[in-house]
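Quick note: numbers below take in every heavy atom, side chains included, and nothing from hydrogens, waters or symmetry partners. Chain naming here is simple, since letters A, B, ... match the order of the sequence lines and numbering starts at 1 in each.
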Amino acid sequence: MKVSGVKGFHDILPPESARWEALEEKARSVLRSYNFAEIRLPVLERTELFARSLGEDTDIVAKEMYTFQDRDGTSLALRPEGTASIVRAYLEGGLAASAGVVKLFYLGPMFRRERPQKGRLRQFHQLGVELIGRDDPASDAEVVTLLEDLLRAAGARAFRLEINSVGDSACRPLYREALRKYAVGVRDRLCTDCQSRIERNPMRLLDCKKEPCRLALAEAPSIETYLCGDCRAHFERVLTLLEEARASVSVNPRLVRGLDYYTRTAFEALAPGLGAQNAVGGGGRYDGLVARFGGPPKPAIGFAVGLERLVMIAEAAEEQRSGPQAAVIALVEEAEGSALALARRLRCAGVVCEVEGAGGSLKSRMRRADRGGATFALIIGEDELREGRATVRDMRGKRDYSKALRLEANGEELRRRLEELAHG
RNA sequence: GUGGGUGUAGCUCAACUGGCAGAGCACCGGGUUGUGGCCCCGGGGGUCAAGGGUUCAAAUCCCUUCACUCACCCCA
């Protein structure tokens, strides 16, 4: 019986896996340049970690987590996001004790039991960045430019960065209430989803996509007028710094975040071509989260990028083949050992090598070598074996070099010889 | 969780108002070619997503289930 995969859990097969690899490499290089260090986190956490950080009422916690009872009865969950784990690791690993700033990034699978669609899987991958221990506007600006540089380096071209301030514990409740009151007034012009949001999560009213709701809320109070003095000054400074740092960011006063822990600066990268799931990355400040888990009052800011979505919008860089590639072909069974040995020495010298045994027609083996990207076919038959050499066939130039390679030569020598032939 | 669309060869897809399951690509063998590419000949491959129903006859019509996909919702 054939066993199928799990809904929403996908394999990443070649050649797509190569695009992921290239993208991750570029991202790592940008992260290194910003002096962020990798943290490798477990995929499993105690369920309460997410319940307490994301908010009990968010959909993620309420109905999308994969949770189960461990054998000793504790409730565990596959992580639906990375920030909660970072904060836990930060405290547990004693990083909070150091006075300085901690700059971390992570990369890996996240799990949410949603209905799959374009750009949304049940196991998906995020690259996340967290800067913990500073609350100055320059940190906000630096993290935002990091997101921009990261996306650009990965090959994303057409994306838009939006930013807003969602206030803090002093001013957001006031705005929330003002918004709620306004929404009650226009209740019957809102869709049923929005009507239920009025009490549950009024901030979310602002990013409903339906036209009637947008019209009904066009005159709704804006967060800008409700920000407290500290939040306003912080936000304005962030915007100034971003402008001076030449970041292309635009303010969207209706931008809100889905998770409860965000404070002040919130931002998002939107891209066309992703269907309805148009956010490639998003994040913001979460100044209260470390303290909520019993740590010292450490402010922090971070973001996460959806890698499936990034792969979708990133222009694939043309793969650069460095140096000659070879296919070693044994014409007869007695030559197979020599073929393997030759290939092995070439590989040690850095030449990408494929070995074709004695089975099948020469024609099909040559064709495979050609399609596999080989620049040379190294053919070993009875004659070659007896004379201790391999016939080299140039796949492009249609030329033979019958005495080109001595079978007993070492890898370096072999590679140099192939490079000479490739250029001459 | 709610809707819509689609399921035929490894891949991309045909098959008219129901009438013998096909093509291109890929794969394998052969011919030709300086030993591969182009060209020519041949070959292997299918539970027509699964189950049930209607009919002399179902890939085609009806019902059920499943999978994939897009959108709502949610979010990166």
Side-chain angles (χ1 to χ4, degrees), chain A residues 1-2 4-10 13 54 57-65 79-83 106-129 147 150-151 156 159 191-194 196-197 200-201 204 207-210 213 256-259 262 267-271 274-284 302-313 327 329 331 356 359-372 374-381 383-384 391-400 402:
Chain A
M1 172 189 156
K2 193 160 57 178
S4 56
V6 178
K7 182 202 275 286
F9 288 65
H10 285 196
L13 306 167
L54 306 187
D57 296 330
T58 57
D59 279 20
I60 293 178
V61 171
K63 46 193 186 196
E64 293 174 0
M65 278 206 297
R79 60 179 183 185
E81 61 106 48
T83 302
Y106 59 90
L107 189 80
M110 306 292 163
F111 307 85
R112 296 181 197 174
R113 201 182 182 294
E114 302 180 276
R115 190 79 169 260
Q117 69 182 72
K118 188 181 173 83
R120 190 173 80 184
L121 295 174
R122 289 182 172 183
Q123 174 176 327
F124 61 103
H125 297 79
Q126 281 189 339
L127 183 162
V129 163
L147 175 58
L150 205 56
L151 294 177
F159 64 88
C191 66
T192 52
D193 287 324
C194 280
S196 76
R197 277 194 271 247
R200 205 163 40 94
N201 195 352
R204 286 253 130 210
D207 62 356
C208 183
K209 291 168 199 152
K210 298 201 183 70
C213 299
V256 294
R257 303 265 73 219
L259 277 24
Y262 287 110
F267 53 98
E268 222 167 58
L270 292 329
L274 288 176
Q277 313 297 318
N278 65 344
V280 243
F303 64 78
V305 170
L307 293 181
E308 278 81 2
R309 296 180 187 180
L310 183 53
V311 168
M312 274 191 269
I313 61 165
I329 299 178
L331 286 183
E356 293 278 355
S361 70
L362 178 60
K363 178 180 189 162
S364 67
R365 282 179 287 162
M366 289 293 279
R367 284 173 65 176
R368 251 200 309 278
D370 195 25
R371 271 196 307 274
T375 40
F376 293 106
L378 313 185
I379 299 167
I380 310 176
D383 295 349
E384 285 87 353
T391 296
V392 181
R393 176 93 173 153
D394 186 320
M395 301 301 282
R396 279 194 286 271
K398 211 177 175 181
R399 277 179 296 178
D400 272 358
S402 53

Measuring only the [atom1] atom in each nucleotide, how far is [N] from [M]? A whole number of Å is fine.
N	M	atom1	value
B/U2	B/C73	C1'	9 Å
B/C68	B/G31	P	46 Å
B/C61	B/A23	C1'	26 Å
B/U65	B/G4	P	13 Å
B/U55	B/A14	P	31 Å
B/U64	B/G19	C1'	27 Å
B/G52	B/C40	C1'	49 Å
B/C48	B/U60	P	10 Å

Next item on the list: Find which nucleotide of RNA chain B each of A/Ala276 and A/Ser364 is nearest to by heavy atoms, and output the residue with the more 5' nucleotide.
Entry: A/Ser364
Check: More 5' along RNA chain B: A/Gly306 or A/Lys118, using each one's nearest nucleotide?
Finding: A/Lys118
Phosphate-side-chain proximity, [X] and [N], N/O vs OP1/OP2 below 4.0 Å:
X	N	value
A/Ser361	B/C28	no
A/Arg368	B/C28	yes
A/Gln117	B/A71	yes
A/Arg257	B/A76	yes
A/Arg197	B/C74	yes

Is the side chain of [X] donor-acceptor paired with the backbone N or O of [Y] at a distance under 3.5 Å, no angle test?
X	Y	answer
A/Arg122	A/Pro116	no
A/Arg112	A/Lys63	no
A/Arg309	A/Gly119	yes
A/Glu81	A/Thr83	yes
A/Arg393	A/Phe376	no

Report the distance from atom [atom1] of [X] to atom [atom2] of [N], rounded to the nearest whole Å.
X	N	atom1	atom2	answer
A/Glu308	B/U69	CD	P	12 Å
A/Asp207	B/C72	CG	C1'	14 Å
A/Arg204	B/C72	CZ	P	13 Å
A/Gln126	B/C75	CD	P	13 Å
A/Leu362	B/G34	CG	P	15 Å
A/Asp59	B/C72	CG	C1'	13 Å
A/Glu114	B/U69	CD	C1'	16 Å
A/Phe303	B/C75	CZ	C1'	17 Å

Nearest to side-chain heavy atoms of [X], which nucleotide of [options]:
X	options	result
A/Asp370	B/C73, B/C72, B/G37	B/G37
A/Lys363	B/C28, B/G30, B/C75	B/G30
A/Tyr262	B/G3, B/A76, B/G37	B/A76
A/Asp193	B/U69, B/A76, B/C73	B/C73

Over all strands shown, is [X] touching base, sugar-phosphate only, or nothing at heavy-atom distances under 4.0 angstrom?
X	value
A/Arg309	base
A/Gly283	nothing
A/Lys7	sugar-phosphate
A/Arg120	base
A/Glu64	sugar-phosphate
A/Ile379	base

Notebook entry, point to check: Does the side chain of A/His10 come under 3.5 Å of the side chain of A/Gln123 through a donor N or O and an acceptor N or O?
Noted result: no
Side-chain touch [X]/[Y], heavy atoms, less than 4.5 angstrom:
X	Y	value
A/Asn201	A/Val256	no
A/Asn278	A/Phe159	no
A/Leu362	A/Ile329	yes

Notebook entry, point to check: Which dot-bracket notation, 5' to 3', represents the base pairing of RNA chain B when pairs are defined as Watson-Crick or G-U with both distances under 3.5 Å, crossing pairs as [ ], and inter-strand pairs as |?
Noted result: (((((((..((((.....[..)))).(((((.......))))).....(((((..]....))))))))))))....
Item checked: Closest contact, heavy atoms only, A/Ala377 versus A/Met366 -> CB-SD, 4.0 Å
